[in-house]
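So the structure is just underneath, and the comments pick up after that.
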Amino acid sequence: MALNLDSSAFKDMVLVLGATGLVIPAFAALRISPVIGFILIGVAAGPFGLGQFPGLDWLALSNPESLGAPAELGVALLLFALGLELSLDRIRTMRNVIFGLGSQQMLLCGGLIAAVLYVAGLPPVAVAAIAGALALSSTAVGLQLLSASGRINSQAGRKALGVLLFQDLAIAPMLLLIGAGAASDAGGSFGRSLAIGVGALIGIAMFARHIVPPLFLQAARTRRSELFLAAALVVLIGSAATAAVAGLSPAVGALTAGLMLSTSDYRRQIEAAIQPFEGLLLGVFLIWVGSGLDLGAIAENPWPVLGGTVAVILLKGGAIYGLLRVRQARRGVAGHVALLLASPSETSLIVLGAAVSARLIGGVEAQYALAIASLTLALAPLLGLAGARLEAQSNEDLQEPAPESADRQTVIIGYGRVGRLVAQMLDMHGQPWLAVDSDPDEVQRQRRGGKRVIYGDARRPELLDRLKLDHARAVVLTIDDMRMLDLLVRRIRASHPYLCIVVRACDAEHAGTLYDAGATDAVPETVESSLQLAEAVLVDLGVAMGPVIASVHEKREELRTQIKGSGAVPKRPPLRTLRR
């Protein structure tokens, strides 16, 4: 099969992939969300961009509409990943903030924006779609800024997280209503369409909850990452297709499936499997959105966009600030959260795109709505940083002691005999933990026994990102692959320089290698077994238990000091596997 290098499809593919590969690292280096970069690429490559100028038509998309299918898949993948992040346990724990503050924020912000749009003369259906979309805030930007500043467990962090979680949950019913509204406009019954949509989502939820886990179990047993990815894509595309057949946006089906799998043993591994495609396909969607924007027409009358941008920020920021002050939040906290959540979100573009596809909005109003959402989203990081500075200058206590939660736990990688014993000792002292193991059958057995064990392959670097080790108290590595232990210690230490890393080592020589790699403590099995044998012999010979234990501790500390201070570690023969 020959590749036609002159085809328009090939040129469009190279243009989109090349732009994606350039935008993500460039904007990451500038510490700016790449969302605005993708939209600008779409504007430049669209029918209203560079293609209008002689000699630059090679930089324009030949058929922007051909991006519709991969863009839809990108949206579905984004919301599938979002559903995986919406842990049902987290929702139960924070239900008062989520359904209290979160619902009040959505109703208040959406109502104020809707009032302005209605006065401006827009039809009621367009008012509802645009107001709902612009009331959303960026979860990605908000959590990134809170995490980077160490405020995730502050009052501002917890309140912002609760609002963002409610907004993420609200996306599903919003897309459901848009789909039902589109069916009614096409001559169908709104109630009937809504009932069919709800039934389809219930079917997707039951399928994802009870039938999908065995599929992932079989994929995990093969120990082949590509089969696990294939299983994840089958679930994603199947749920999206089911929703589409029911007349809904495919994204709402993917979100439902992801939400049901958020409590699965395989959640973190699914996240790691789809992560490489998430940013790429989201970029395709944003380029597709940008290609439909006619900045020339907007530039002829830019005041609605500029005025709308200012109005959205003022309305949302003022409403959130007032709401938090009524709920007795301090001025600094209220100001921080208000500025952090004042901008719309990437999901605002998704909701607006669904409304455009459903023909609930169109023409100039769609152009202006997309332009306002894009411009305010570009300002989101700056507003978030301004909010953090405002709270810092208010001389209020930024950080409260974090409640005991999943974010303050010890992560055990490898749940064999050593990992189980470590977990038992942590339980004895009331220390929370989470274990990760690559044996799916063992994970199932431990989960049935009530243990907090999840499936994950430590060889995948993406898994470490999904474990959120920056919020862990310590990491214990007990796996029996010596080569992988060295690599894991280096990876974790490179991205988490202050994290406590305790590692199981084969012998003193291997422990020295692990200390050089960045381990906080490396425990050699041969040394420990020798010390335990010596302790047993001395006690059996009649030596008092107290002096024996003291001498064992003293010897252990002496050996640890020698291992740490041994300098360069000599070359060792090919790495072998430890005995389990």
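Because only heavy atoms are used, hydrogens play no part in the values below, and waters and symmetry mates are left out as well, while side chains stay in.
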query = Side chains of Pro344 and Leu136: closer than 4.5 Å at any heavy-atom pair?
reply = no

message = Between Arg268 and Tyr455 (side chain of the first, backbone of the second, donor and acceptor by atom type, cut-off under 3.5 Å), is there such a pair?
response = no

request  = Please confirm whether the backbone N or O of Thr309 pairs with a side-chain atom of Thr376, one donor and one acceptor, at under 3.5 Å?
outcome  = no

remark   = Note: Leu352 and Ala373 closest approach over all heavy atoms is CD1-CB, 4.0 Å

task = Any chance you could measure Glu365, atom CD, to Leu122, atom CG, to the nearest 0.5 Å?
result = 5.0 Å

ask   = Can you find a heavy atom in the side chain of Val116 that is under 4.5 Å from one in the side chain of Leu315?
value = yes

task = Could you walk me through whether Phe80 and Ile274 pass side-chain contact (heavy atoms from CB on, under 4.5 Å), step by step?
result = CA-CA 10 Å; Phe80 182 65; Ile274 66 175; 3.8 Å; yes

request  = Report the C-alpha distance between Ile113 and Val127 in whole Å, list the side-chain angles of each, state the deciding distance to 0.1 Å, and finish with yes or no for side-chain contact (heavy atoms from CB on, under 4.5 Å).
outcome  = CA-CA 8 Å; Ile113 296 173; Val127 166; over 6 Å; no

key: Minimum side-chain heavy-atom gap Val333-Arg330 below 4.5 Å   = yes

Side-chain donor-acceptor pair present, Lys316, Ser137, cut-off under 3.5 Å = yes

task = To the nearest 0.5 Å, tell me how far Leu229 CG sits from Ile270 CD1.
result = 11.0 Å

ask   = If we only count heavy atoms from C-beta on, is the Ile361 to Val125 side-chain gap below 4.5 Å?
value = no

key: Spatial distance of atom OG1 (Thr256) from atom CE (Met206) [nearest 0.5 Å]   = 13.5 Å

request  = Please confirm whether the backbone N or O of Ala133 pairs with a side-chain atom of Ser348, one donor and one acceptor, at under 3.5 Å?
outcome  = yes

request  = Using atom types as modelled and distance alone, determine if a side-chain donor or acceptor of Arg325 lies under 3.5 Å from a backbone N or O of Ala329.
outcome  = yes

ask   = Looking only at heavy atoms, which two atoms of Ala354 and Ile178 are closest? And how far apart?
value = O-CG2, 3.8 Å

inquiry  = Using the rule side-chain hydrogen bond (donor to acceptor under 3.5 Å, both in side chains), only one of Arg331, Glu391, Lys159 pairs with His336; which is it?
reply    = Glu391

key: pair Val163-Val337: side-chain heavy atoms closer than 4.5 Å   = no

key: Separation of Leu467 CG from Glu271 CD (nearest 0.5 Å)   = 9.0 Å

inquiry  = Less than 4.5 Å apart, side chain to side chain, heavy atoms only: is that true for Phe166 and Gln105?
reply    = no

request  = Output, in order, the C-alpha distance, side-chain angles, deciding distance and verdict of side-chain contact (heavy atoms from CB on, under 4.5 Å) for Val235 and Phe216.
outcome  = CA-CA 10 Å; Val235 174; Phe216 283 116; 4.1 Å; yes

task = Kindly determine whether Val252 and Met174 satisfy side-chain contact (heavy atoms from CB on, under 4.5 Å), including the steps that lead there.
result = CA-CA 9 Å; Val252 71; Met174 289 172 68; over 6 Å; no

message = I'd like to know if the side chain of Ser103 reaches the main chain of Phe99, judged simply by a donor and an acceptor atom lying under 3.5 Å from each other, with no hydrogens or angles considered.
response = yes

message = How long is the straight-line distance from CG of Leu176 back to CG of Leu255, given to the nearest 0.5 Å?
response = 11.5 Å

Between CG on residue Leu101 and CG on residue Leu165, distance to nearest 0.5 Å = 11.5 Å

